[in-house]
Amino acid sequence: MENYRLRFAPSPTGPLHIGGARSALFNYFLAKKHKGCFVMRMEDTDLERSNKASEKNIKDSLKWLGMDWDEGIDIGGDYGPYRQMERLDIYKEAIDKLLAEGKAYYCFCSEDDLTSEKEAQQQRGETPKYSGKCRNLTKEQQQELLDKGTPHVIRLNVPKGEQIVVHDLVRGDVSFETDGIGDFIIVKSDGIPVYNFAVVLDDVTMKISHIIRGEEHLSNTPRQIAVYNALGYDVPKFAHISLILGRDDEGKMTKMSKRHGSTSVVAYQQQGFLPEAIVNFLALLGWSPDGEEELFTMDELIKQFSLEKVSKSPAVFDIEKLKWINGMYIRKASAERLLEYGLPFLKKAGLVKRNPKMAEMIWAMMSIDALKNHITCFSELPDIINKYRSKVSYDDEVAAMVKENRETVMTVMNAMKAKLEEYKTLNSDTYKQILKEIKNETGIGGRDLFHTIRLAKTGEGEGPDLDKLAVIMGRDLMLERTKEFLTFAENI
RNA sequence: GGCGCGUUGGAGAAGUGGCUUAACUCACCAGCCUUUCACGCUGGCAUCCAGGGGUUCGAAUCCCCUACGCGUCACCA
């Protein structure tokens, strides 16, 4: 029985990206499905761009989405430490070994030389790669340059004229020529190993069994395999999942980036998306379930997920679908949760005070509940409420209704006005009572009654239940709207 | 430019040689349900799988070419 150990290894150079979250999710699914281990590690060898704030953001987002790691930063584990900068001695040992065996060598070429070399190669239409100039330096020459303190890097001596085949779980066998790779750098001039080298050591020492990551890493994989080979380690199983594409301003599909608006998990969090909706949506990006159901809890996803059902073609980030999924989860959410997620938006919009009184809280709770069937994310709440509480401008549809059905409309609305003047306070039940009374007294019911009232009060044919609308608007506003409508109708 | 990957409807996407008269989901349309709206339910929505050639009794599925899209070629990860 194979021991499943998977990992998510972001670099802390920015907030958790949607694509990163999906990679993490797929790794998490597979680990949990096989009762394995989900490791969380940080690749922070880029000193310039790495920062603690990003690390925190990534951790917070992972937790918010419900991906708790079994092993890794903060909580430790048997194969730590879990930040690359804390693992330098592990890399050093491996590098010394490679150097001693002649599988790696010092390179003293200056950056300028390298750049001009690269440009020349590109002009000739060749794949730019290192010429191997320093490969044949003698021990003495090397030592001399080292003693003089010449800046240098360390390169891997990649076998020439060979083929490296990546056995990819989603794309099948993909082969690369080592000649297209060249002797790449494994240690930078500041003495810190480069990603392609460190990642291998980490995955080996942490006993990672499967590596699920974005397709952009596919062309890196042969380099990493060259490192595994040089070190004499077994290669883990790879699975490269397709990129997430977005539509840019011109409608073209490109890799999701800043050009497509929000790309970080927090951005969606702030817009009022539910974590389970994002998890569900992300799972559907490049993976498809068996049946016709598309709404899944985390547990169901873990049970259903399999790499066989992961698609090779790029996945498109469809915000409309995300909204639909989110709307479905909002409808299912409990009143407490709705309030928890919705209230901040109402406060921000000034619809509810910072420290609301009980009555305000109740109003907020009922309003959110009334609108839960009509929103796709919580940020829509204030606009809708404001719309119902501001003056209505009646359009042609309303005018047409009045013309066609003048008598009924006037009867209903006059009765409504009378009732509202009679009832000084209003709640859901009293409003239902009013509707019933109007129906009994006028003999008008059904669509003639409900649709007329809705159109008169909101100018729209669609919206929440009328008794709930009454709570959102309140009695005074409803009376005002009713009078305004009557004036409007009389002038038609 | 080299290397690598992809291309199924308005959109996402299933399908890996015959069960496909191309699932399912979103959107859209029609009907039912609901005293209204929404939810839910039922039905409609690709004569066709980027284009061309080939293999085969049979291809969206295999092979070749072309086009287009994307990724990658860093002392970034």
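Scope of the values below: all heavy atoms of this structure, side chains included, with no hydrogens, waters or symmetry mates. The sequence lines fix the lettering, A, B, ..., with proteins before strands; numbering per chain opens at 1.
Mapped onto RNA chain B by nearest heavy atom, E215(A) and R155(A) fall at different nucleotides, with E215(A) at the one closer to the 5' end. Toward the 5′ end of RNA chain B lies the nearest nucleotide of K321(A), the other residue of the pair K129(A) and K321(A) mapping further downstream.
Using a 4.0 Å heavy-atom criterion, one finds that E111(A) contacts the bases of the nucleic acid, with or without backbone contacts as well. The residue V153(A) sits close to a base: some heavy atom pair falls under 4.0 Å. Heavy atoms of A9(A) sit nowhere under 4.0 angstrom from any nucleic acid atom. Backbone-only contact: S311(A) has heavy atoms under 4.0 Å from sugar-phosphate atoms and none from a base. Heavy atoms of H217(A) sit under 4.0 angstrom from at least one base atom. Residue contacts shown for M328(A) are limited to sugar-phosphate atoms, with no base heavy atom under 4.0 Å away. If you check every strand for non-hydrogen atoms under 4.0 Å, G463(A) touches a base.
Taking atom C1' in both G54(B) and G12(B), the straight-line distance is 33 Å, to the nearest Å. The same atom, C1', is picked in G40(B) and in A50(B); the two are 39 Å apart, to the nearest Å. A77(B) and C65(B) are spaced 37 Å apart, taking the P atom of each and rounding to whole Å. Distance noted for atom P between U61(B) and U55(B): 15 Å (whole Å). When the P atom is used for both G10(B) and G71(B), the distance is 25 Å, rounded to whole Å. Taking atom C1' in both U34(B) and A11(B), one finds a spacing of 30 Å when rounded to whole Å. To the nearest whole angstrom, the two C1' atoms, one in G53(B) and one in U16(B), are 22 Å apart. When the P atom is compared between G44(B) and A23(B), the two are found 11 Å apart, to the nearest whole Å.
Scanning atom types as modelled, no donor and acceptor separated by under 3.5 angstrom connect the side chain of D44(A) and the base of A77(B). For a distance-only test at 3.5 Å, the side chain of R49(A) qualifies as a donor-acceptor partner of the base of C76(B).
Only one option out of L282(A), L62(A), I278(A) pairs with L25(A) in a side chain to side chain contact (heavy atoms under 4.5 Å, CB included); it is L282(A). A salt bridge (Lys or Arg N to Asp or Glu O under 4.0 Å) with E55(A) is found for one member of R83(A), R49(A), R41(A) and no other, namely R83(A).
Atoms CG (L469(A)) and P (U36(B)) sit 17 Å apart, rounded to a whole Å. Going from atom NE2 of H152(A) over to atom P of C75(B) covers 15 Å, rounded to whole Å. Atom CZ in F176(A) sits roughly 7 Å away from atom P in G4(B) (whole-Å rounding). L371(A) places its CG atom 15 Å from the P atom of C39(B), with the value rounded to the nearest Å. The nearest whole Å value for the distance from the CH2 atom in W324(A) to the P atom in G40(B) is 8 Å. Here G12(B) presents its P atom at 14 Å from CG of L284(A), a figure rounded to the nearest Å. Per the geometry, CD1 belonging to I164(A) stands 17 Å off P belonging to C3(B), to the nearest Å. Rounded to whole Å, atom P of A77(B) lies 10 Å from atom CE of M85(A).
Comparing atom distances between the E43(A) side chain and each of A77(B), U35(B), A14(B) picks out A77(B) as nearest. Taking every side-chain heavy atom of S313(A) into account, U7(B) is the closest of C76(B), U25(B), U7(B). Among C37(B), U35(B), C76(B), the nucleotide with an atom closest to any side-chain atom of L449(A) is U35(B). Of the candidate nucleotides C39(B), A14(B), A11(B), A11(B) has the atom nearest to the side chain of D318(A). Distances were taken from every side-chain heavy atom of V174(A) (C-beta onward) to each of C37(B), G4(B), A77(B); the shortest belongs to G4(B). Nearest nucleotide to the L243(A) side chain, out of C76(B), C70(B), A38(B): C70(B).
OP1 or OP2 of G4(B) has not a single side-chain nitrogen or oxygen of S219(A) nearer than 4.0 Å. The side chain of K309(A) places an N or O atom within less than 4.0 Å of a non-bridging phosphate oxygen (OP1 or OP2) of G15(B). The phosphate of A77(B) has OP1 or OP2 within less than 4.0 Å of a side-chain N or O from T45(A).
A donor and an acceptor atom, one from each side chain of Y329(A) and N280(A), are located under 3.5 Å apart. A donor-acceptor contact closer than 3.5 angstrom links the side chains of R87(A) and T205(A).
More than 12 heavy atoms of other residues, nucleotides or ligands lie within 6.0 Å of NZ in K160(A), so this atom counts as buried by the packing criterion.
Heavy-atom distances under 4.0 Å link RNA chain B to I185(A), K188(A), S189(A) of residues 181-193 of chain A, given in residue order.
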message: What verdict does the ring pair (Phe, Tyr, Trp, His ring centres under 6.0 Å) test give for H210(A) and F26(A), after you've listed the backbone C-alpha separation in whole Å, the side-chain angles of each residue and the deciding distance to 0.1 Å?
response: CA-CA 11 Å; H210(A) 299 251; F26(A) 282 21; over 10 Å; no
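Judged purely by atom type and a 3.5 angstrom limit, R22(A) uses its side chain to pair as donor or acceptor with the backbone of L285(A). The main-chain N or O of L322(A) is never found under 3.5 Å from a side-chain atom of N326(A) such that the two would form a donor-acceptor pair. Proximity of a side-chain donor or acceptor of R171(A) to a complementary backbone N or O of K312(A) within less than 3.5 Å is detected.
Using a 4.0 Å cut-off between charged side-chain N and carboxylate O, K387(A) and D383(A) make no salt bridge.
A distance of 6.0 Å or more separates the ring centres of F38(A) and F8(A). Ring to ring, F317(A) and Y268(A) are close: their centroids are under 6.0 angstrom apart.
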- prompt: Which string of ( ) [ ] | and . matches RNA chain B, if you list each base 5' to 3' and count Watson-Crick or G-U pairs only when both distances are under 3.5 Å?
  reply: ((((((((.[[[..)..(.....]]].(((((.......))))).....[[[[[..)....]]]]])))))))....
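Below 30°, between 30° and 60°, or above 60°: for H152(A) and Y106(A) the angle between ring planes is above 60°, a perpendicular geometry.
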